[in-house]
**Student:** 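Would you mind keeping the following structure in view while I ask a few things?
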Amino acid sequence: MTMNLFDDPVMIENQQESLGAGAMVLRGFALPKELDLLSAIDGISAEAPFRHMVTPGGFRMSVAMTNCGPLGWVSDRTGYRYDPFDPVSQSPWPAMPATFSELASDAATAAGFDNFVPDACLINRYEPGARLTLHQDKDEQNFNHPIVSVSLGLPATFQFGGLKRNDKLIRMPVTHGDIVVWGGPARLRYHGVLALKQGQHPLMGSYRINLTFRKAA
């Protein structure tokens with residue numbers, strides 16, 4: 001029987017939802033480490049502050065971001081790329097905390113992708129109204145490794161599509177502690193986040209943080 005990639009999410013275990021072949025939501029997976037994660041984010045952003053990058057077309061991104069790990073994702077008028085240095089400080093990006101890399105590896109394994117060792121973590125900070133337009137993650141050198149996306153703070157609506165921009169979309173709520181993992185046949189599926197709604201989270205106030213782990217090199 002062939003699985004339709006674009007059916008509604010299917011609950012396959014108590015806290016796991018299939019989004020089709022190669023894609024899964026792990027509900028609440030990050031909750032046991034939430035305080036360690038938030039403390040690490042504070043340390044990283046003190047060293048490499050959040051900033052609104054500019055797209056190659058000259059548009060200011062609504063999501064503020066920073067990075068940690070050997071490589072950081074950068075966008076400016078010259079294009080999208082990974083760079084070992086923060087373009088603001090000209091210093092290496094902060095080291096990736098062990099809490100981060102261990103969580104990413106454990107989540108990838110739980111979703112069926114063993115031996116995932118990320119070398120980049122994009123840290124996106126959303127305020128109400130911020131959104132992430134539909135896109136593919138394709139700036140990495142190869143696509144044999146999954147993407148691991150951790151949600152913290154305010155709830156958001158994650159959009160997950162197909163391999164073409166106009167394929168049918170799944171719209172799915174993600175809340176504090178949820179992790180979405182996609183790889184294999186799902187690695188290049190389009191995805192995005194709808195505009196964040198107003199709200200207050202007990203730990204993070206009016207913000208949502210997303211940690212996106214990748215193997216870039």
**Student:** Does Gln198 form a side chain to side chain contact (heavy atoms under 4.5 Å, CB included) with Ser206? I'd like the steps, not just the answer.
**Tutor:** CA-CA 7 Å; Gln198 294 280 351; Ser206 60; 5.5 Å; no
**Student:** Could you walk me through whether Arg214 and Asp137 satisfy the salt bridge (charged side-chain N to carboxylate O under 4.0 Å, His left out) test, starting with their C-alpha distance in whole Å, then the side-chain angles of each, then the deciding distance to 0.1 Å, before giving a yes or no?
**Tutor:** CA-CA 9 Å; Arg214 304 174 183 177; Asp137 291 339; 3.1 Å; yes
**Student:** To the nearest 0.5 Å, what is the distance between CZ on Arg77 and CZ on Phe59?
**Tutor:**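 The CZ atom of Arg77 sits 9.0 Å away from the CZ atom of Phe59.
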**Student:** When you compare the side chain of Val88 with that of Arg51, does any pair of heavy atoms fall below 4.5 Å?
**Tutor:**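 Side-chain contact under 4.5 Å: yes.
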**Student:** Give me the other members of the hydrophobic cluster that Tyr80 sits in, counting Ile, Leu, Val, Met, Phe, Trp and Tyr linked by side-chain heavy atoms under 4.5 Å, directly or via other members.
**Tutor:**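 Other cluster members: Met53, Met61, Met65, Leu71, Trp73, Tyr82, Leu122.
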**Student:** Are Leu19 and Met172 side-chain neighbours, meaning at least one heavy-atom pair lies under 4.5 Å?
**Tutor:**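 In contact.
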**Student:** Measuring from atom OG of Ser89 to atom CD of Glu47, what distance do you get when rounded to the nearest 0.5 angstrom?
**Tutor:**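 These two atoms lie 8.0 Å from each other.
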**Student:** Taking Gln136 for its side chain and Arg189 for its backbone only, find out whether a donor-acceptor pair lies under 3.5 Å.
**Tutor:**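 Not at all, since once roles are kept as given, no pair shorter than 3.5 Å links the two residues.
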**Student:** Taking the side chain as every heavy atom from C-beta outward, state whether Pro56 and Ser75 have any atom pair closer than 4.5 Å.
**Tutor:**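 Yes, at least one pair of side-chain atoms sits under 4.5 Å.
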**Student:** Which heavy atom of Val63 sits nearest a heavy atom of Ala130, and at what distance?
**Tutor:**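 Taking Val63 first and Ala130 second, the nearest heavy atoms are CG2-CB, 4.2 Å.
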**Student:** Is there a path of hydrophobic side-chain contacts, each under 4.5 Å between heavy atoms, that joins Leu196 and Tyr207?
**Tutor:**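 No, because Leu196 and Tyr207 fall into different hydrophobic clusters, even though each may have its own neighbours under 4.5 Å.
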**Student:** At their closest point, which heavy atom of Gly129 faces which heavy atom of Ala195, and how far apart are they?
**Tutor:**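 Gly129 and Ala195 have their closest heavy atoms at O-CB, 3.8 Å.
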**Student:** So Val74 and Phe85, do their side chains get closer than 4.5 Å, heavy atoms only?
**Tutor:**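 No - every pair of side-chain heavy atoms lies 4.5 Å or more apart.
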**Student:** For His145, which residues count as a ring-ring contact (aromatic ring centres under 6.0 Å, His included) partner, sequence neighbours excluded?
**Tutor:**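 Partners of His145 under the ring-ring contact (aromatic ring centres under 6.0 Å, His included) test: none.
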**Student:** Within the 4.5 Å heavy-atom criterion, are Asp86 and Asn67 side-chain neighbours or not?
**Tutor:**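 Side-chain contact under 4.5 Å: no.
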**Student:** Is there a path of hydrophobic side-chain contacts, each under 4.5 Å between heavy atoms, that joins Val181 and Val117?
**Tutor:**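 Hydrophobic grouping puts Val181 apart from Val117.
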**Student:** Phe158: what forms a ring-ring contact (aromatic ring centres under 6.0 Å, His included) with it, not counting sequence neighbours?
**Tutor:**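 So Phe158 forms a ring-ring contact (aromatic ring centres under 6.0 Å, His included) with Phe160, Trp182.
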**Student:** Looking at NE2 of His176 and CD1 of Ile209, how far apart are the two atoms once the value is rounded to the nearest 0.5 Å?
**Tutor:**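 Reported to 0.5 Å precision, the distance equals 11.5 Å.
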**Student:** Does a donor on one side chain sit under 3.5 Å from an acceptor on the other, for Ser62 and Arg131?
**Tutor:**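 Arg131 and Ser62 do not have a side-chain donor-acceptor pair below 3.5 Å.
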**Student:** Determine whether Leu194 and Leu134 fall in the same hydrophobic cluster, where Ile, Leu, Val, Met, Phe, Trp and Tyr are linked whenever their side-chain heavy atoms lie under 4.5 Å apart.
**Tutor:**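 No, because Leu194 and Leu134 fall into different hydrophobic clusters, even though each may have its own neighbours under 4.5 Å.
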**Student:** Run the numbers on Thr55 and Arg60 for side chain to side chain contact (heavy atoms under 4.5 Å, CB included), then give the verdict.
**Tutor:** CA-CA 6 Å; Thr55 69; Arg60 177 181 182 270; over 6 Å; no
**Student:** Does the side chain of Lys138 come within less than 4.5 Å of Leu188's, by heavy atoms?
**Tutor:**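 When only atoms from C-beta onward are counted, Lys138 and Leu188 do touch, with a gap below 4.5 Å.
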**Student:** Tell me if a side-chain donor or acceptor on Ser45 pairs with a main-chain N or O of Pro49 at a distance below 3.5 Å.
**Tutor:**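 Checking the backbone N and O of Pro49 against the side chain of Ser45, no donor-acceptor pair under 3.5 Å is found.
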**Student:** List the atom pairs, with distances to 0.1 Å, where a side-chain N or O of residues 90-99 and a protein N or O form a donor-acceptor pair under 3.5 Å, not counting sequence neighbours.
**Tutor:**
from, atom 1, to, atom 2, distance (Å)
Gln90, NE2, Pro87, O, 2.7
Trp93, NE1, Asp83, O, 2.9

**Student:** Would you list the pairs meeting ring pair (Phe, Tyr, Trp, His ring centres under 6.0 Å) in which at least one residue belongs to residues 97-139, sequence neighbours left out?
**Tutor:**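 Applying ring pair (Phe, Tyr, Trp, His ring centres under 6.0 Å) to every pair that reaches into residues 97-139, excluding sequence neighbours, yields Phe100-Phe213, His135-His191.
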**Student:** What closest approach, in Å, do Leu169 and Gln159 show between heavy atoms, and which atom pair accounts for it?
**Tutor:**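 So the minimum-distance heavy-atom pair works out to CD1-OE1, 3.4 Å.
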**Student:** Under 3.5 Å, is there a donor-acceptor pair linking the side chains of Asp106 and Thr109?
**Tutor:**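 Looking only at side-chain atoms, Thr109 and Asp106 do not form any donor-acceptor pair under 3.5 Å.
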**Student:** Measure from the side-chain N and O atoms of Lys197 to the backbone N and O of Gly199, and report whether any donor-acceptor pair falls under 3.5 Å.
**Tutor:**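 The answer is no, because no donor-acceptor pair under 3.5 Å joins these two groups.
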**Student:** Once salt bridge (charged side-chain N to carboxylate O under 4.0 Å, His left out) is applied, what residue pairs with a partner in residues 33-46 remain, sequence neighbours excluded?
**Tutor:**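 Every pair satisfying salt bridge (charged side-chain N to carboxylate O under 4.0 Å, His left out) with a residue in residues 33-46: Lys33-Glu102.
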**Student:** Does Arg125 make a cation-pi contact with Phe50, if we ask for NZ or CZ under 6.0 Å from the ring centre and within 45° of the axis?
**Tutor:**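 Judged by the rule (NZ or CZ under 6.0 Å from the ring centre, within 45° of its axis), Arg125 counts as positioned above Phe50.
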**Student:** Provide the closest heavy-atom pair for Ala216 versus Asp119 in the form atom of the first, atom of the second, distance.
**Tutor:**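 Heavy atoms only, the tightest pair is N-OD1, 2.7 Å.
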**Student:** Using 0.5 Å steps for rounding, measure from the OG atom of Ser151 to the CG atom of Asp178.
**Tutor:**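 Rounded to the nearest 0.5 Å, the OG-CG separation comes out at 6.0 Å.
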**Student:** Evaluate the side chain to side chain contact (heavy atoms under 4.5 Å, CB included) criterion for residues Val193 and Thr157: first the C-alpha distance (whole Å), next the side-chain angles of each, then the deciding distance (0.1 Å), finally the verdict.
**Tutor:** CA-CA 6 Å; Val193 178; Thr157 300; over 6 Å; no
**Student:** Would you kindly say whether Asn210 and Ser149 are connected by a side-chain donor-acceptor distance under 3.5 Å?
**Tutor:**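 Looking only at side-chain atoms, Ser149 and Asn210 do form a donor-acceptor pair, the distance falling under 3.5 Å.
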**Student:** Closest heavy-atom contact between Ala23 and Ala186?
**Tutor:**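 Closest pair (atom of Ala23, atom of Ala186, distance): CB-CB, 4.0 Å.
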**Student:** Measure the CD-CG distance between Glu17 and Leu26 for me, rounded to the nearest 0.5 Å.
**Tutor:**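 Rounded to the nearest 0.5 Å, the CD-CG separation comes to 9.5 Å.
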**Student:** Any side-chain heavy atom of Ile147 within less than 4.5 Å of one from Thr212?
**Tutor:**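 In short, these two side chains touch, coming nearer than 4.5 Å.
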**Student:** Return the minimal non-hydrogen interatomic distance between Ala48 and Thr66, and the atom names on each side.
**Tutor:**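 Heavy atoms only, the tightest pair is O-OG1, 2.7 Å.
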**Student:** Drop me the distance from Asn124's CG to Arg208's CZ, to the nearest 0.5 angstrom.
**Tutor:**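 So the CG of Asn124 and the CZ of Arg208 are separated by 8.0 Å.
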**Student:** Would you indicate whether the side-chain heavy atoms of Leu152 and Met204 approach each other to under 4.5 Å?
**Tutor:**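 Side-chain contact under 4.5 Å: yes.
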**Student:** Please say yes or no: joined through hydrophobic side-chain contacts below 4.5 Å, possibly via intermediate residues, are Ile179 and Ile41 part of one cluster?
**Tutor:**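 Yes, Ile179 connects to Ile41 through the hydrophobic network.
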**Student:** Taking Leu31 as the starting point, is it possible to reach Leu37 by hopping between hydrophobic residues whose side chains are less than 4.5 Å apart?
**Tutor:**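 Per the 4.5 Å side-chain linkage, Leu37 and Leu31 are not co-clustered.
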